[in-house]
Amino acid sequence: MTRAFDVVAVETKWQSRWRDEGTYEVDNDDPRERFYALCMYPYPSGSAHQGHVRNYTFGDLVVRYQTMRGKAVLSPIGFDSFGLPAENAAIKAGSHPRLFTEARMAELKASLIRLGAVYDWRREVYSHDPQYMKYSQMIFLAFWRAGLAYRAYAPVNWCPGCATVLANEQVLADGTCERSGDLVERRNLEQWFFRITDYAEELLNDLESLDWPERVKIMQRNWIGRSEGVEFDLALADDPAVALRVFTTRPDTGFGVTYAVVAPEHPLVERLTTAEQHADVAELVARATAATELERTAGVEGGALDKRGAFTGSYVVNPFTGRPVPVYVADYVLGTYGTGAIMAVPSEDDRDYAFATAYGLDIVRTVQPPDDFDGGAYHGEGVHINSGFLDGLDVAAAKERATAFLEQNAQGRRTVNYRLRDWLVSRQRFWGCPIPIIYCETCGPVGVPEDQLPVVAPDDVTMDRTGQSPLATHDAFRLTVCPICGEPAHRETDTMDTFTDSSWYFLRMADPFTPGRPFDPAQVARWMPVDQYIGGIEHAILHLLYARFYVKALVDVGLATGVPREPFRRLFTQGMIRLEGSKMSKSKGNLVAPEQYFDTVGADGLRLFHLFVGPPADDVDWNEQTESLIEGCARFLDRLYRLATLEDVRWREAEDESDLAVRRAVHRCVARVSESIERWSYNTAVAALMETLNTVSKWARDEAGAHRATYDEALDLMLLLLAPMAPHLSAELWEHRHPGEPSVHAHPWPVADPALVATPRVTMVVQVNGKVRSRVEVASDVGEDEARDRALGDPSVIAHLAGRLPQRIVVRAPRLVNIIV
RNA sequence: GCCCGGAUGGCGGAAUCGGCAGACGCGGAGGCCUCAAAAGCCUUUACUCGAGAGGGUGUGUGGGUUCAAGUCCCACUCCGGGCACCA
């Protein structure tokens with residue numbers, strides 16, 4: 001298409017100006033009111049894709065809008081530059097992940113600049129920067145000293161073919177390695193954890209104070225999974241000295257306990273298993289513990305549970321009935337939750353019901369289901385039956401009584417359990433931040449002293465096809481001496497989960513200037529919390545939960561004293577880009593590169609499209625009509641350009657009625673755009689501008705001529721409103737109209753004149769029996785009586801009444817009158 | 001299975017507090033300009049009956065509340081997302 005102006009020339013001109021003049025650099029001692037605007041820092045996968053464009057268009061709009069609102073806006077950027085894709089690419093290309101990563105970073109940076117997104121580049125943070133790594137490691141050690149980091153055995157995905165550990169995403173749906181095709185095994189390795197569960201309660205409670213999308217909060221709540229219940233002992237029938245401790249949230253159903261189950265990993269499995277049952281139990285345990293997590297949970301879909309178990313030969317006493325019930329080992333009970341053992345109530349629990357049915361165990365109802373209930377386990381409200389002293393009570397009352405009973409008779413104790421597990425941070429990977437620990441034969445694990453940080457992975461490595469981390473076999477890296485005793489020792493060769501990098505980068509960005517520590521808490525406290533965080537919904541759980549934990553922990557270990565404990569006050573999650581329905585991704589090769597549009601419709605045109613195409617939170621389907629939508633946005637910019645550079649206007653001296661109408665439209669537009677931006681309704685903000693441009697354009701070209709002051713006001717206001725959305729063209733046209741004056745982006749955000757926004761006369765709808773029969777012009781402050789009289793006197797209304805007498809007249813002046821006959 | 005979200009013209013979407021359904025844009029149709037085209041400009045465009053004036057219908061389906069429902073309530077269908085043996 002032919003454009004009205006040279007898009008590339010205009011855009012590159014302003015991009016270099018913003019960068020060269022440091023327009024969006026902001027100092028930590030800036031006296032203006034502060035605003036921290038942040039987009040989730042990207043993984044550098046190469047030049048930007050449409051998802052980036054969308055994300056950073058929204059972010060840039062916020063930055064420029066808040067700047068015009070007079071705030072000192074902190075707008076940093078960085079790169080989440082560690083990670084598996086770089087490692088895989090390096091293996092393929094036989095190069096070093098750093099070379100690969102840095103090339104991709106440069107590409108992405110160039111795209112962001114061509115998008116016109118503006119940042120304080122002095123604050124750029126990237127995960128593999130040795131400076132950043134040093135502080136990541138300092139933080140790890142601080143957590144360790146505070147007891148928040150610890151070592152424990154945990155199962156990992158082990159590929160026998162590659163002789164290495166796999167990330168979950170490297171294991172295919174059928175349980176094989178994506179690279180070698182071997183069946184992935186489960187192995188126990190000693191690994192590092194962060195004690196995030198210590199913060200479960202706070203992470204849950206603080207969600208309430210956050211201005212986040214409700215569904216993200218719900219996802220986090222579910223992930224944390226708090227549940228209140230009772231822990232108590234089930235005594236072994238033939239040896240009361242041995243007790244099986246169980247956890248339940250339904251103590252009220254105790255009379256329905258017809259068996260008990262322990263997890264295959266449970267420490268009492270040996271003790272409970274009788275000689276006759278030994279073979280059965282051993283087989284079950286072997287199968288369950290060797291299986292991958294995947295196999296163990298396979299077949300769970302749709303609730304069709306393939307539960308497997310074995311009788312131990314032992315019995316425990318149901319404390320409610322006093323009767324012995326059998327104990328099973330079954331793989332549907334998890335060793336890692338609660339006590340790793342349960343009381344089973346098949347009548348009121350689906351899983352127990354399925355197991356009991358399969359193994360022919362008793363089912364005794366304790367809650368009366370409704371008459372029409374035809375399912376298996378019943379978990380609704382109801383009155384207790386078959387339950388001795390609980391009979392007749394409702395669920396809540398019975399819970400109370402049963403809990404009190406267990407406290408007195410079975411070592412019962414009210415407890416809270418969480419679904420949330422501690423955060424496993426070890427990765428058996430090369431391209432990540434090394435865990436700064438040295439293992440010494442005599443001193444045990446020792447932290448690398450601060451003056452020896454950062455621990456940086458060596459450059460002289462070759463990534464081989466197995467995917468095994470070269471650190472594990474690189475002796476120059478691995479072998480060292482103990483910092484305490486000086487004896488030969490070896491380094492930890494695991495690296496940290498990349499989620500650790502993204503858990504504190506926003507703190508570093510707030511103050512990357514203080515030497516010797518991650519940041520100066522006092523400086524950071526002045527910027528935090530982030531006022532507006534913007535990113536993809538895919539980070540709703542992990543990244544956002546880990547970052548929240550990190551900040552709380554950093555405050556507690558003294559590295560972030562005074563910093564608010566919640567990092568992100570407001571969160572916005574944007575929709576995804578889909579290509580004809582399916583998810584767009586690099587691996588599918590269905591990306592629509594933004595670069596091609598920068599040369600045609602320009603960054604402004606593409607940005608406008610992303611703003612206009614629909615609500616920012618909704619997904620965007622990229623299809624055959626997208627191209628023409630983008631062109632429609634470019635066309636709008638062309639029309640604006642033509643109007644702003646119009647030469648053959650007939651200027652007239654006197655103001656007339658049309659001037660007032662135009663001024664009204666323009667001021668209403670100011671109000672509408674401002675309000676739309678505040679509530680993240682960018683699509684309607686653009687629509688308002690399009691509408692206004694149509695009005696002004698038509699008026700300015702009219703034969704009756706245009707009044708200069710009206711035209712000037714209209715153009716200036718439109719350019720100001722457009723400045724955060726299409727920053728290049730707005731700046732260019734503003735400069736054209738105000739040569740030598742400060743840029744449009746330095747101008748305060750406009751305020752609508754209330755007198756012009758208010759409409760003195762409005763259209764009132766007149767309905768007869770709820771159907772619109774007429775519209776009449778009335779003053780906007782019209783009284784009820786006058787509104788009614790106007791409605792009843794309208795010829796079309798009289799015709800529709802056809803002589804019938806109104807039974808009732810509803811008057812909602814000045815909007816509507818409804819006459820009921 | 002449980003928890004969330006959604007469904008509006010040919011298409012993307014608008015309707016912010018229960019009060020004019022379809023703003024704005026795309027696409028379509030017709031016209032102006034032009035030797036012609038591109039670009040631009042103008043008109044029109046939910047469906048339907050009607051020559052027109054005008055009428056009827058219409059926001060996934062079925063009910064309900066209300067003078068009035070896209071909006072609130074109940075039941076359901078379909079689509080999308082999250083969790084998925086967490087006792």
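Each chain gets a letter, A, B and so on, in the order its sequence line appears, and its residues count up from 1.
- Taking side-chain N and O atoms only, A:His800 has a distance below 4.0 Å to OP1 or OP2 of B:G55.
- Applying the Watson-Crick and G-U wobble criteria (two distances, each under 3.5 Å), B:C76 pairs with B:G60.
- For B:G9, the O4'-C1' to base torsion is within 90° of 0; the nucleotide is therefore syn.
- Base contact: A:Arg419 has a heavy atom under 4.0 Å from a base atom.
- Between the side chains of A:Asp352 and A:Tyr332, at least one donor N or O sits under 3.5 Å from an acceptor N or O.
- Atom CE in A:Met690 sits roughly 7 Å away from atom C1' in B:C24 (whole-Å rounding).
- Nearest nucleotide to the A:Ala687 side chain, out of B:A23, B:A87, B:G19: B:A23.
- In this structure, the side chains of A:Met725 and A:Val673 come closer than 4.5 Å at one or more pairs of heavy atoms.
- Residue A:Arg808 is in base contact, counting any heavy-atom pair closer than 4.0 Å across all strands shown.
- Across every strand in view, B:A15 sits unpaired, with no contact that passes the Watson-Crick or G-U test at under 3.5 angstrom.
- B:C24 and B:A36: their C1' atoms are spaced 34 Å apart (whole Å).
- Along RNA chain B, the nucleotide nearest to A:Arg672 and the one nearest to A:Met219 differ in position, and the one closer to the 5' end is contacted by A:Arg672.
- Separation of the A:Phe609 and A:Tyr597 ring centroids does not fall under the 6.0 Å cut-off.
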Give every pair of a protein N or O atom and an N or O atom of nucleotides 41-51 of chain B that lie under 3.5 Å apart, one pair per line with the distance.
none

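- Across the P atoms, B:G10 and B:G28 are found 16 Å apart, a figure rounded to whole Å.
- Among the protein residues, A:Glu675 comes within range of the nucleic acid bases, having at least one heavy atom under 4.0 Å from a base atom.
- Taking the six-membered ring where the residue is Trp, A:Trp423 and A:Tyr546 present parallel rings, their angle staying beneath 30° rather than reaching 60°.
- If you take CZ of A:Arg3 and P of B:A38, they are 19 Å apart, rounded to a whole angstrom.
- Judged by Watson-Crick or G-U wobble contacts below 3.5 Å, the nucleotide B:A53 has no partner.
- Searching all strands for a Watson-Crick or G-U wobble partner of B:U71 with both distances below 3.5 Å returns nothing.
- B:C17: glycosidic angle within 90° of 0, hence syn.
- At a threshold of 4.0 angstrom between heavy atoms, the contacts of A:Asp352 with the nucleic acid are absent.
- Side-chain contact, A:Asn417 with A:Ser227: no donor N or O sits under 3.5 Å from an acceptor N or O.
- Nucleotide B:U43: paired with B:A29 (Watson-Crick or G-U wobble, both distances less than 3.5 Å).
- Smallest separation of non-hydrogen atoms from A:Tyr353 and A:Thr357: O-OG1, 2.5 Å.
- Residue order along RNA chain B, read from the 5' end via each residue's closest nucleotide, puts A:Ser628 first among A:Ile537 and A:Ser628.
- Side-chain atoms of A:Leu334 lie closest to B:A87 of the nucleotides B:C67, B:A21, B:A87.
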List every contact pair, protein side and nucleotides 68-79 of chain B side both N or O, where the distance is under 3.5 Å.
none

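- A:Phe320 and A:Phe255 have tilted rings, their planes meeting at an angle from 30° to 60° on a 0 to 90° scale.
- A donor-acceptor contact closer than 3.5 angstrom links the side chains of A:Ser676 and A:Thr684.
- When ring centroids are compared, A:Phe636 and A:Phe612 stay outside the 6.0 Å threshold.
- With no hydrogens or angles considered, no side-chain donor-acceptor pair links A:His543 and A:Glu538 at under 3.5 Å.
- Atom CD1 in A:Ile218 sits roughly 14 Å away from atom P in B:C83 (whole-Å rounding).
- Between the CG atom of A:Asn222 and the P atom of B:G5 there is a distance of 12 Å, given to the nearest Å.
- A cation-pi contact, defined as under 6.0 Å to the ring centre and within 45° of the axis, links A:Arg419 to A:Trp223.
- Checked against a 6.0 Å centroid threshold, the rings of A:Tyr682 and A:Phe58 count as neighbours.
- Counting to the nearest Å, the C1' atom of B:A84 and the CZ atom of A:Arg221 are 20 Å from each other.
- The side chain of A:Lys771 contributes an N or O atom lying less than 4.0 Å from OP1 or OP2 of B:U57.
- A:Asn818 and A:Arg808 form no side-chain donor-acceptor contact under 3.5 Å, judged by distance and modelled atom types alone.
- Among the atoms of the strands shown, base atoms are found under 4.0 Å from some heavy atom of A:Leu816.
- The partner of B:C2, taking Watson-Crick or G-U wobble pairs whose two distances both stay under 3.5 Å, is B:G82.
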At a cut-off of 3.5 Å, list every protein nitrogen or oxygen paired with a nitrogen or oxygen from nucleotides 11-14 of chain B, distance to 0.1 Å.
unit_1 : atom_1 : unit_2   : atom_2 : d
B:C11  : O2'    : A:Gln625 : NE2    : 2.5
B:G12  : O4'    : A:Gln625 : NE2    : 3.3
B:G12  : O2'    : A:Val613 : O      : 2.5
B:G13  : O3'    : A:Asn683 : ND2    : 3.3
B:A14  : OP1    : A:Asn683 : ND2    : 3.0

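- When both pairing distances are held under 3.5 Å, B:U34 makes no Watson-Crick or G-U pair with any nucleotide shown.
- Counting only N and O atoms by type, the side chains of A:Asp233 and A:Gln411 include no donor and acceptor under 3.5 Å apart.
- With rounding to whole Å, A:Arg815 atom CZ is found 9 Å from B:C20 atom C1'.
- In this structure, A:Arg578 does not reach the B:G80 phosphate: none of its side-chain N or O atoms is under 4.0 Å from OP1 or OP2.
- Distance, A:Asn694 CG to B:G40 C1': 14 Å, rounded to whole Å.
- In this structure, A:Arg761 places its CZ atom 20 Å from P of B:C20, rounding to the nearest Å.
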